[in-house]
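Notes follow the structure.
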There are 2 protein chains.
Amino acid sequence: MTDGQSPRKRAQTSRAGSRRVNIQAVADGAGVSIATVSRVMSGKGGVSEPLAERVRRAAAELGYRPSFAAQSLATGATRMVGMVVPNLANPYFYDVIKDVNVAAVADGYQLAVADANEDPRAETELSESFLHKLDGLLLMSPRMDVPALRAIAQATDHLVLLNRVVPEVGIPTIAIDSMSGMLELCGHLHALGHRRAVYLGGPEHSWSNTERLRGIRQAGSFGLDVAEVSAGGTIAAGYDGAEKAWSTRPTAIICHNDLVAFGALTRLQELGVRVPEDVSLTGFDDIPFASYGSPALTTVAGQSGVGAAAWGLMKRLLAGHPQNEISLVPAHVVVRGSSAAPRAELVAAE
Amino acid sequence: MTDGQSPRKRAQTSRAGSRRVNIQAVADGAGVSIATVSRVMSGKGGVSEPLAERVRRAAAELGYRPSFAAQSLATGATRMVGMVVPNLANPYFYDVIKDVNVAAVADGYQLAVADANEDPRAETELSESFLHKLDGLLLMSPRMDVPALRAIAQATDHLVLLNRVVPEVGIPTIAIDSMSGMLELCGHLHALGHRRAVYLGGPEHSWSNTERLRGIRQAGSFGLDVAEVSAGGTIAAGYDGAEKAWSTRPTAIICHNDLVAFGALTRLQELGVRVPEDVSLTGFDDIPFASYGSPALTTVAGQSGVGAAAWGLMKRLLAGHPQNEISLVPAHVVVRGSSAAPRAELVAAE
DNA sequence: CTGTTAGCGCCTTCAT
DNA sequence: ATGAAGGCGCTAACAG
């Protein structure tokens with residue numbers, strides 16, 4: 001019960017059912033036509049100041065708010081864009097969301113985000129739903145299959161892909177260059193003296209995992225041998241996979257992302273394995289937690305511009321300028337305490 | 001560019017501008033009236049099977065999708081609800097969002113979330129915006145002031161408050177019982193032998209902080225002395241405030257939430273202060289990270305039902321049943337490695 | 001500068 | 001069981 005208000009908002013106040021205060025009510029109140037009210041409300045000018053003032057007053061008194069549905073129907077636009085993410089649980093996603101959000105708001109757009117809860121089907125459904133309700137759609141690291149993606153791409157031009165490159169379907173894309181980021185990370189480890197490492201892998205069919213693997217395999221060619229243990233993208237996955245990874249007696253464990261590294265770190269500590277004395281450990285993404293752990297995580301940070309760049313793409317799309325850009329933003333290693341030179345006897349034992 | 005599609009979707013294919021495939025197009029295609037199409041699409045029955053089949057086929061062939069805006073305008077509903085959160089960065093919020101989400105989806109509603117980025121004004125704006133676009137609004141730990149809240153409550157009956165109780169305004173609410181949760185936590189510390197602690201406080205005017213403080217002050221009456229150091233709700237705040245908290249030489253540091261505890265833990269370790277040997281440390285919320293840190297965090301977990309309960313409230317509201325329930329869900333202490341009995345000499349020194 | 005009017009696409013009585 | 005027609009609230013020509 002909201003205060004002493006009438007229980008039903010739709011109650012007709014006087015005679016004819018003047019339920020919601022609509023544009024007509026304001027027009028009547030101000031003694032003008034609805035067109036004038038519309039012009040005033042949309043701030044498009046072309047209305048004399050005295051009239052405009054009268055309209056504003058009437059609108060304020062009546063508590064008028066334009067109907068979103070009616071506006072959308074009439075204009076064909078909502079000034080809202082949607083973003084679907086596989087899982088809000090990863091702080092990295094949030095970082096990007098935040099950036100997209102501020103950029104969008106600055107341009108007068110509102111961002112609505114939906115969480116697919118790691119379910120590719122939910123992801124597809126949410127996308128289609130948003131697609132038909134909002135002006136644009138940002139897809140973050142989607143796990144849906146290519147046909148589903150193609151179907152969506154076919155239904156709209158206002159689509160931007162984040163952190164997944166799908167060459168078969170021409171969608172404007174912005175993604176972290178995971179491959180070279182990983183390669184650089186491997187280079188860091190190699191320079192430290194590491195020769196035998198393990199990759200604690202991420203979600204099987206995700207683009208980012210594929211790319212990071214590519215980087216790792218490249219690293220093999222310059223002398224860093226990396227075994228692979230599949231895990232997943234979560235803290236729990238890292239925790240669960242750590243023991244198996246350690247059992248191969250590597251001098252370094254390269255984790256798919258910071259979450260995995262975090263979980264692995266915990267498990268290693270439980271096992272009495274010291275990081276970085278006994279083994280080096282690395283993450284990916286540089287989430288806020290990464291710089292705080294003990295030890296702080298050596299990881300890979302994407303240049304921070306992903307979110308803003310994604311919005312830039314979307315903005316141009318919304319303005320009617322087709323884009324076909326697929327840009328990879330550079331990533332770079334952030335060295336912290338979790339990586340160090342391997343102990344001499346371990347390297348020698350090889 | 002999406003494949004070989006026409007660059008502009010609105011191009012008229014034949015003669016009269018038959019732009020978007022609308023209900024009329026389907027009706028024509030199936031040789032029926034739009035009313036019939038409408039009935040078939042909405043699955044309300046009352047249409048003979050042969051006809052229905054013809055309509056479905058026509059719709060599929062044309063790739064018909066009802067216009068969201070038109071449906072909303074005609075029915076006055078969207079089957080979407082919004083949720084605004086102060087900051088997606090806190091994993092605790094995400095936990096709740098996830099619960100609300102699955103419950104809502106199960107009832108055929110879609111959840112759109114918006115992030116206020118810690119800005120009360122943005123929070124108010126987002127809320128008002130959602131309010132006039134969607135069927136309902138969930139407000140999570142809102143920081144906006146009471147007048148703003150009241151204004152929103154006045155504009156709709158479909159409003160649910162999470163983790164903030166505002167007696168002055170009668171809004172259906174579901175909140176963690178922070179006060180007694182904190183009290184129980186203090187009880188745990190007291191039982192361990194602690195007598196002198198510090199509270200590393202959260203966002204100044206947030207309800208949760210106020211409640212947690214109340215719990216702490218209560219604790220004073222049974223012998224746990226707690227000084228207060230204000231910080232904030234983030235990892236960084238915990239990191240920054242830790243040294244000052246430690247400088248009071250407490251045997252325990254009680255943090256506003258797990259994020260703060262996490263940051264404080266890092267700083268303490270940098271200072272060479274061991275947890276829990278030199279000082280016990282506690283969090284609040286039991287976010288996933290809490291059980292993984294080293295040491296794992298002693299914290300307070302709300303009974304997991306907050307999200308589902310919030311949706312339950314909203315669902316009844318949407319069904320037209322006014323609610324005035326304000327329910328507090330119990331919270332309980334989760335003891336982990338970060339809390340232990342204080343060293344004897346410290347207690348004795350008192 | 002202001003008003004009139006025709007849609008926007010769909011739902012929903014009300015007849016048939 | 002089906003169709004015809006009147007809104008839902010607003011925007012955007014088009015007239016004046």
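Note on naming: letters A, B, ... go to the chains in the order of the sequence lines (proteins, then strands), and numbering restarts at 1 for each one.
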Beyond-backbone contact of A:Leu149 with A:Leu161, side-chain heavy atoms, under 4.5 angstrom: yes
Heavy-atom side-chain proximity of A:Gln71 to A:Arg79 below 4.5 angstrom: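 Side-chain contact under 4.5 Å: no.
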Candidates B:Val166, B:Asp145, B:Val169 - the one meeting side chain to side chain contact (heavy atoms under 4.5 Å, CB included) with B:Arg150: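 The passing option is B:Val169.
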Test side chain to side chain contact (heavy atoms under 4.5 Å, CB included) applied to B:Leu317 and B:Val160, B:Asp135, B:Asp157, B:Thr156, the passing residue: B:Val160
Which residue lies more 5' along DNA chain D, comparing A:Ile23 with A:Arg39 via nearest heavy atoms: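 The residue mapped nearer the 5' terminus is A:Ile23.
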Taking [atom1] from [X] and [atom2] from [N], how many angstroms apart are they, rounded to a whole number?
X        : N      : atom1 : atom2 : answer
A:Asn22  : D:dG9  : CG    : C1'   : 6 Å
A:Gln24  : D:dG7  : CD    : P     : 13 Å
A:Lys133 : C:dC10 : NZ    : C1'   : 15 Å
B:Asp28  : D:dG3  : CG    : P     : 12 Å
B:Met41  : C:dT12 : CE    : P     : 14 Å
B:Ile34  : D:dA4  : CD1   : C1'   : 9 Å

By side chain to side chain contact (heavy atoms under 4.5 Å, CB included) - contacts of A:Ala74 (at least two apart): none
Near-strand residues of residues 54-74 of chain A, defined as heavy-atom separation under 4.0 angstrom from DNA chain C: A:Leu73, A:Ala74
Does a nitrogen or oxygen in the side chain of [X] sit under 4.0 Å from OP1 or OP2 of [N]?
X       : N      : result
A:Ser38 : D:dT11 : yes
B:Ser48 : D:dT2  : yes
B:Thr36 : D:dG3  : yes

Sidechain-backbone polar pair: A:Arg54 side chain, A:Pro50 backbone, donor-acceptor under 3.5 Å: no
Touch class at under 4.0 angstrom, heavy-atom based, for A:Val37 against every strand present: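 No contact.
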Distance (rounded to the nearest 0.5 Å) between [X] [atom1] and [Y] [atom2]:
X        : Y        : atom1 : atom2 : result
A:Leu134 : B:Lys133 : CG    : NZ    : 9.5 Å
A:Thr173 : A:Leu313 : OG1   : CG    : 7.5 Å
B:Tyr109 : B:Lys315 : OH    : NZ    : 10.0 Å

Angle by which the axis turns from one end of the helix from C:dC1-D:dG16 to C:dT16-D:dA1 to the other, five pairs per end, to 10 degrees: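 The end-segment axes of the helix from C:dC1-D:dG16 to C:dT16-D:dA1 are tilted 40° relative to each other.
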